[in-house]
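Here the structure is laid out as structure tokens; the discussion comes afterwards.
By convention in this document, chain letters (A, B, ...) are assigned in the order of the sequence lines, proteins followed by strands, and residues within each chain are numbered from 1.
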Protein chains: 2
Amino acid sequence: MARKTGSHSEITGPRIRDAALKLFARHGFAAVSMRQIAAEVGVQAGALYLYTPDKETLLFDLLKAHMDDLLAAWDADDPGGAPVARLEGFVRFHIRFNLERPDAVFLSYMELRNLGAANFAAIEALRKTYETRLETILRDGQGAGVFALPDTKIATLAIIAMLTGVNTWYREGGRLSRAAVGDLYWDMVRKSVAA
Amino acid sequence: MARKTGSHSEITGPRIRDAALKLFARHGFAAVSMRQIAAEVGVQAGALYLYTPDKETLLFDLLKAHMDDLLAAWDADDPGGAPVARLEGFVRFHIRFNLERPDAVFLSYMELRNLGAANFAAIEALRKTYETRLETILRDGQGAGVFALPDTKIATLAIIAMLTGVNTWYREGGRLSRAAVGDLYWDMVRKSVAA
DNA sequence: AGATTATCTGAACATGCGTTCAATACAATA
DNA sequence: TATTGTATTGAACGCATGTTCAGATAATCT
């Protein structure tokens, strides 16, 4: 036995990344073996090496793709305009985007330590870029006198931590709709930065 | 060779827990071997089994001890009194306590997935108990009309996420002292719940 | 001093790991 | 239909894993 009927790299490639994302998020990078990923896809472990040079690169590619998605999605979603409206847009965007891909979000702040120095630095830079997007909004609002922030950098980190926390408790079909969650968090954020 | 001079369970026991805590936090539970922990202590792997029945229990004991510490420390620190003062006490306590033991904090919200169902439930119950401490303060303040919270439960989770986020960026000897961080976060929390 | 108990070693167990590679079967092209 | 290139298997590599245990030594007790 060798090549399987219907086999195609455009099919197997994504399936491997999907399986790896799901399993890494569920059990942790180190706890998941290449054989488990292969089994999930329905393939032998050796076949994975047609799609990734090694296990760490597989993780890195997932994290990199997630961060690229995040930045591109925000840049497309950014309403611009006045700082208050822009901040509201950011809050609702962040919650919505993160709730749509909980596994990737979980991975990208839990498994950074499994990356080598170079890969780690690359992901960190993207994360910092995203933080800067919010920081700029806060700084603009501070300059315009609509926000009162003793420390813009810390406010940035505090808001992102608060918003990302939604992923730890939100369950589909629970008491609150995604939109309702957006309302609640926007209410708190708006007040916390108010002049 | 067998028993070593100066050997004592009251010495080796804590050293094993310290080494395990440090290594688990640094590299992740699954990525750390019993032999690595033993080497850090200066002992052979077999000796660890005088102190723990297995690896998972070692992790559980660390998480359990941390949560017990947390609850006991807050109960001793709770200033009582008016909701606003109590909330301020909680904010400053949470930041201070967490910054004093970053490894344990990291572990207890990153490695829960490596626990079996029963152990997981035990830790979750303790976490919920801690959340209830804050929720009660918020509910009291809401009742007294000093806080305005559309959803007390969500506000609880949002505040805890925001405060716990400090551990992801704070570095000893950095720009801000711990007290200054407490001031900044109390400012944001105070405003976010204000009536 | 002698007996007992607590502490640790070192080797062993079966199992699983990430990764490589020759062989092979299917898909695409001509 | 023949040929070339792509996708995959399955076995193998050396090494690491969690855990057990008989044997050995140090500390403690009588």
Nearest to the side chain of [X], which nucleotide is it out of [options]?
X	options	result
Ala45(B)	dT19(D), dT8(D), dA7(D)	dT19(D)
Leu50(A)	dA7(D), dT9(D), dT7(C)	dA7(D)
Gln44(B)	dT19(D), dT9(C), dT19(C)	dT9(C)
Gln36(A)	dG18(C), dC17(C), dT9(D)	dC17(C)

Cation-pi between Arg86(A) and Phe90(A): NZ/CZ under 6.0 Å from ring centre and within 45° of the ring axis?
no
[X] has an atom [atom1]; how far is it from atom [atom2] of [N], in whole Å?
X	N	atom1	atom2	answer
Glu10(B)	dT28(D)	CD	P	10 Å
Tyr49(B)	dA12(C)	OH	C1'	14 Å
Ile11(B)	dA26(D)	CD1	C1'	13 Å
Leu48(B)	dT7(C)	CG	C1'	13 Å

Quiz question: going by heavy-atom distance under 3.5 Å, is there a donor-acceptor pair between the base of dT5(C) and the side chain of Arg3(B)?
no
With respect to the phosphate group of [N], does any side-chain polar atom (N or O) of [X] fall under 4.0 Å of OP1 or OP2?
X	N	value
Lys4(A)	dT9(D)	yes
Thr5(B)	dA27(D)	no
Ser33(B)	dT17(D)	yes
His8(B)	dA26(D)	no
Ser9(A)	dA7(D)	yes
Ser7(B)	dA27(D)	no

Distance-minimising heavy-atom pair for Gln142(B) and Phe147(B):
OE1-O, 3.2 Å
Between Leu58(B) and Ala20(B), which heavy-atom pair has the shortest distance, and what is it?
CD2-CB, 3.9 Å
If you assign Lys55(B) and Gly6(B) each to the DNA chain D nucleotide with the nearest heavy atom, which residue ends up on the more 5' nucleotide?
Lys55(B)
Would you mind telling me which residue lines up with the more 5' stretch of DNA chain D, Pro53(B) or Tyr51(A), judged by nearest nucleotide?
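In this pair, the answer is Tyr51(A).
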Charged N to carboxylate O under 4.0 angstrom, Glu88(B) versus Arg92(B)?
yes
Give Val41(B) one of three labels, base, sugar-phosphate or nothing, depending on what nucleic acid heavy atoms sit under 4.0 Å from its own.
nothing
If you assign Val43(B) and Arg35(B) each to the DNA chain C nucleotide with the nearest heavy atom, which residue ends up on the more 5' nucleotide?
Val43(B)
Are the aromatic rings of His66(A) and Tyr109(A) close, with centres under 6.0 Å apart?
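No, ring centres 6.0 Å or more apart.
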